[in-house]
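Both ligands and their constituent atoms are indexed starting at 1 by order of listing.
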Amino acid sequence: MFSIDTLQLRLPDIEWVTSKIHIKRLSKDFYWFSPLLTPLLAKKKADIIARPKNESELKALISVCVDLDIPLTVRGGGTGNYGQAVPLLGGVVVDMIALKTCKWISDGVIQVQAGMRMGELENLTRQHGWELRCMPSTYKAASIGGLFAGGFGGIGSVNYGPVATSGTVQRARILTIEQYPRVIDISGDELLTYHHTYGTNGIILELQLVLTPARDWSEYLMEFASLENAYTFCRALLDSAGMDKREISLYDGVAASYFKDIPVQIAPERFYVITLIASNCRVPFMELSAKHSGTIAWHQSFDEANKSGLTLMEHCWNHSTLQALKHDKNFTNLQTNYDDTCVLEQLKEVKKETNSEVLIHLEFIRNAQSKILITGLPLVKYTSDQRLLDIIEIHRRLGIKVNNSHTYFLEDGKHGGALDQAILDSKSSNDPYNLLNPGKIRMLDN
Ligand code: FAD
């Protein structure tokens with residue numbers, strides 16, 4: 001058993017959080033989206049929270065934790081979905097949020113500490129005329145380190161693909177978990193070794209990001225009478241190279257009916273599209289909508305969005321489930337990839353087999369090779385564990401890929417069964433005592 005008292009005594013200058021209520025809160029992420037994970041993770045918590053203010057405090061913390069054999073779990077904004085940041089074996093949760101210095105920004109490239117929240121990061125880059133290539137719908141709370149270590153992509157991925165697309169993150173500084181922690185400077189393909197590994201193989205200190213010119217994005221909620229019209233509109237918009245957009249997503253009217261903070265009457269039998277369009281592309285955008293019989297249900301300009309604080313960006317991606325959960329605790333979701341040659345047929349088959357249990361939410365993006373990727377976060381009405389597993393199987397049988405979002409094991413999620421050897425090699429070299437976020441790698445921890 002490790003001694004937290006000794007840890008505190010040896011590092012008196014670190015900011016410690018010791019109150020039970022705060023330890024409990026800072027030991028959680030959004031695992032409770034999954035009814036399968038909730039009973040497994042609800043009681044897991046750290047023994048203490050550390051808030052290092054700079055790199056040397058973080059190194060000192062690691063050094064003493066290695067000496068005392070104390071597990072460390074890194075936390076950014078704590079918005080991850082699968083218990084990624086939940087400390088399964090207790091120990092220290094390392095809150096990275098104070099490590100948020102911009103090291104430099106020049107010619108559309110920024111080097112920033114990993115704890116900076118993306119909302120703050122984007123405000124900063126905008127002052128220089130740039131914006132992030134992609135960010136999650138949780139951008140206000142989530143950190144850039146957390147996106148790289150635990151996330152996928154989001155708003156902007158319609159142009160640039162997921163965050164791991166080559167050329168978006170171009171360097172990273174990684175800290176090892178040893179008595180004398182080393183800093184490793186990585187670039188190129190090696191970056192992928194630290195992407196979506198839940199902070200198990202090193203702590204990301206800094207990321208160097210390539211940005212894109214900032215635009216004023218107008219927000220539109222479009223309405224369509226049929227799924228076919230809404231879908232063909234989204235595909236046409238995706239393919240319209242001359243129409244600058246930052247987001248395209250589609251919802252059936254029942255899913256959209258939970259957007260209760262948007263001042264508009266949603267019709268459950270209709271279909272809705274959230275899109276962010278560059279303000280100077282309004283005319284061609286309206287022409288394209290008219291061709292597909294779309295009408296504006298609600299709209300706000302970039303300035304209005306900034307003033308109101310209400311944004312459609314907090315309704316797309318995983319936020320559609322969060323909006324629904326605010327009104328009905330029985331929702332969960334899946335993470336799906338459709339066959340882009342027959343998405344409508346796949347959706348119809350899902351509907352036939354699940355009726356009103358599965359609500360449509362599609363995201364239209366590009367993959368890392370710039371190919372069209374129709375991905376989804378369908379809302380699922382949860383009735384039992386077995387039915388949820390059956391619904392996953394129904395999707396798979398219909399040729400829809402499901403990334404399991406109801407597991408905390410790294411192998412069983414996006415990594416599709418096994419971890420690359422490069423990830424395992426970095427784990428044993430950077431964290432030889434398996435102190436970093438232990439319990440998340442099935443082959444090491446089970
Ligand atoms: P945390 O939850 O704090 O951490 C995530 C993982 O990364 C943990 O394993 C943690 O240990 C590790 N980690 C954090 N910081 C570091 C570091 N510096 N070094 C090493 N490891 C680290 N995800 C998307 O990709 N796109 C979306 O659009 C999206 N929308 C969401 C909407 C909702 C409502 C919710 C609840 C989640 C959503 N997510 C989405 C998931 C999550 O919000 C994002 O992935 C986010 O970027 C995570 O950042 P964070 O700082 O909150 O990470």
Engineer: Go through ligand 1 atom by atom and flag the ones less than 4.0 Å from a non-hydrogen atom of M96.
Structural biologist: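 Every atom of ligand 1 under 4.0 Å from some heavy atom of M96: 18 (N).
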Engineer: Taking 4.0 Å as the limit for heavy-atom contacts, which would you say applies to R117 with ligand 1: side chain only, backbone only, both, or neither?
Structural biologist: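 It is neither; nothing of R117 touches ligand 1.
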Engineer: Students should be able to answer this: which protein heavy-atom is nearest to atom 2 (O) of ligand 1, and at what distance?
Structural biologist: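 Answer for atom 2 (O) of ligand 1: G80 N, 2.8 Å.
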Engineer: Determine all donor-acceptor pairs shorter than 3.5 Å in which one atom belongs to a side chain in residues 34-44; sequence neighbours excluded.
Structural biologist:
from, atom 1, to, atom 2, distance (Å)
S34, OG, L36, N, 3.1
S34, OG, L37, N, 3.1
S34, OG, H406, ND1, 2.8
T38, OG1, S34, O, 2.9

Engineer: If the test is ring pair (Phe, Tyr, Trp, His ring centres under 6.0 Å), which one of Y272, Y251, W317 qualifies with H361?
Structural biologist: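 Going through Y272, Y251, W317 one by one, the ring pair (Phe, Tyr, Trp, His ring centres under 6.0 Å) with H361 is satisfied by Y251 alone.
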Engineer: In the protein, what heavy atom is nearest to atom 16 (C) of ligand 1, and what distance, to one decimal place, separates them?
Structural biologist: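 For atom 16 (C) of ligand 1, the nearest protein heavy atom comes out as V74 CG1, 3.4 Å.
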Engineer: Look at ligand 1 and say whether G115 reaches it with a heavy atom at a distance under 4.0 Å.
Structural biologist: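 So G115 does not count as touching ligand 1.
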Engineer: Does an N or O anywhere in S143 fall below 3.5 Å from an N or O of ligand 1?
Structural biologist: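 Right, the criterion is met.
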Engineer: Would you check, one step at a time, whether the test side chain to side chain donor-acceptor pair (under 3.5 Å) holds for K427 with N434?
Structural biologist: CA-CA 8 Å; K427 173 75 180 168; N434 192 17; 3.1 Å; yes
Engineer: State if M118 counts as touching ligand 1 under the rule of any non-hydrogen atom under 4.0 Å.
Structural biologist: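 It does; at least one heavy atom falls under 4.0 Å.
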Engineer: For ligand 1, note which part of N81 has a heavy atom under 4.0 Å away: side chain, backbone, both or neither.
Structural biologist: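 Just the side chain.
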Engineer: For G151, counting its heavy atoms only, list the atoms of ligand 1 lying under 4.0 Å from any of them.
Structural biologist: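 Within the 4.0 Å cut-off of G151, ligand 1 contributes 25 (O), 45 (O).
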Engineer: For ligand 1, which atoms, with element, lie under 4.0 Å from some heavy atom of L147?
Structural biologist: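 Listed by number with element: 25 (O), 47 (O), 49 (O).
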Engineer: Counting non-hydrogen protein atoms only, what is the nearest one to atom 23 (N) of ligand 1? Give residue, atom name and distance.
Structural biologist: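 The answer is P136 CB, 4.0 Å.
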Engineer: Show which atoms of ligand 1 fall inside a sub-4.0 Å distance from at least one heavy-atom site of F152.
Structural biologist: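 By the 4.0 Å cutoff, the relevant atoms are 24 (C), 25 (O).
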Engineer: Where on Y198 is there a heavy atom closer than 4.0 Å to ligand 1, on the side chain, on the backbone, on both, or on neither?
Structural biologist: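 For Y198, the contact with ligand 1 is made by both the backbone and the side chain.
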Engineer: For ligand 1, is any non-hydrogen atom under 4.0 Å from N437's backbone (N, CA, C, O), its side chain (CB onward), both, or neither?
Structural biologist: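 Just the side chain.
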Engineer: What's the shortest distance from atom 19 (N) of ligand 1 to any protein heavy atom, and which residue and atom give it?
Structural biologist: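 Going by distance alone, atom 19 (N) of ligand 1 is nearest to I204 N, 2.8 Å.
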Engineer: Can you tell me the protein heavy atom closest to atom 5 (C) of ligand 1 and the distance?
Structural biologist: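 Ranked first by proximity to atom 5 (C) of ligand 1 is Q84 OE1, 3.5 Å.
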Engineer: Could you walk me through whether L209 and I144 pass side chain to side chain contact (heavy atoms under 4.5 Å, CB included), step by step?
Structural biologist: CA-CA 10 Å; L209 307 162; I144 188 67; 3.9 Å; yes
Engineer: Looking at side-chain heavy atoms only, is the closest gap between I374 and I372 below 4.5 Å?
Structural biologist: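 With C-beta onward as the side chain, the pair touches.
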Engineer: With a distance cut-off below 6.0 Å to the six-membered ring centre and an angular limit of 45° from the axis, does K440 pair with F409 as a cation-pi contact?
Structural biologist: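 No, K440 does not lie over the aromatic ring of F409.
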Engineer: Suppose I only count heavy atoms of G199 and a 4.0 Å limit; which atoms of ligand 1 are within that range?
Structural biologist: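 It comes down to these atoms of ligand 1: 20 (C), 21 (N).
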Engineer: As an exercise, identify every atom of ligand 1 less than 4.0 angstrom from a heavy atom of G202.
Structural biologist: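 Contacts of ligand 1 toward G202, numbered from 1: 20 (C).
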Engineer: Do me a favour and list the nearest non-hydrogen protein atom to atom 12 (C) of ligand 1 with residue, atom name and distance?
Structural biologist: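 The answer is A149 CB, 3.7 Å.
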Engineer: Would you say that Y258 contacts K326 through its side chain, given a criterion of any heavy-atom pair below 4.5 Å between the two side chains?
Structural biologist: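 Side chain of Y258 against side chain of K326, heavy atoms only: no contact under 4.5 Å found.
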Engineer: Just jot down the ligand 1 atoms closer than 4.0 angstrom to any heavy atom of A114, in number order.
Structural biologist: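 Those qualifying, in numeric order: 18 (N).
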Engineer: Checking a contact table here: which protein heavy atom is nearest atom 3 (O) of ligand 1, and how many Å away?
Structural biologist: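 Sorting protein heavy atoms by distance from atom 3 (O) of ligand 1 puts G76 N, 2.6 Å first.
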Engineer: Among side-chain atoms of S218 and Y220, is any donor-acceptor pair under 3.5 angstrom?
Structural biologist: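 Side chains of S218 and Y220: no pair found under 3.5 Å.
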Engineer: To the nearest 0.1 Å, how far is atom 24 (C) of ligand 1 from its closest protein heavy atom, and which atom is that?
Structural biologist: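 Sorting protein heavy atoms by distance from atom 24 (C) of ligand 1 puts G153 O, 3.3 Å first.
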Engineer: Considering the heavy atoms of G78, write down every atom of ligand 1 situated less than 4.0 Å from one of them.
Structural biologist: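 In order of numbering, the contacting atoms are 1 (P), 2 (O), 3 (O), 50 (P), 52 (O).
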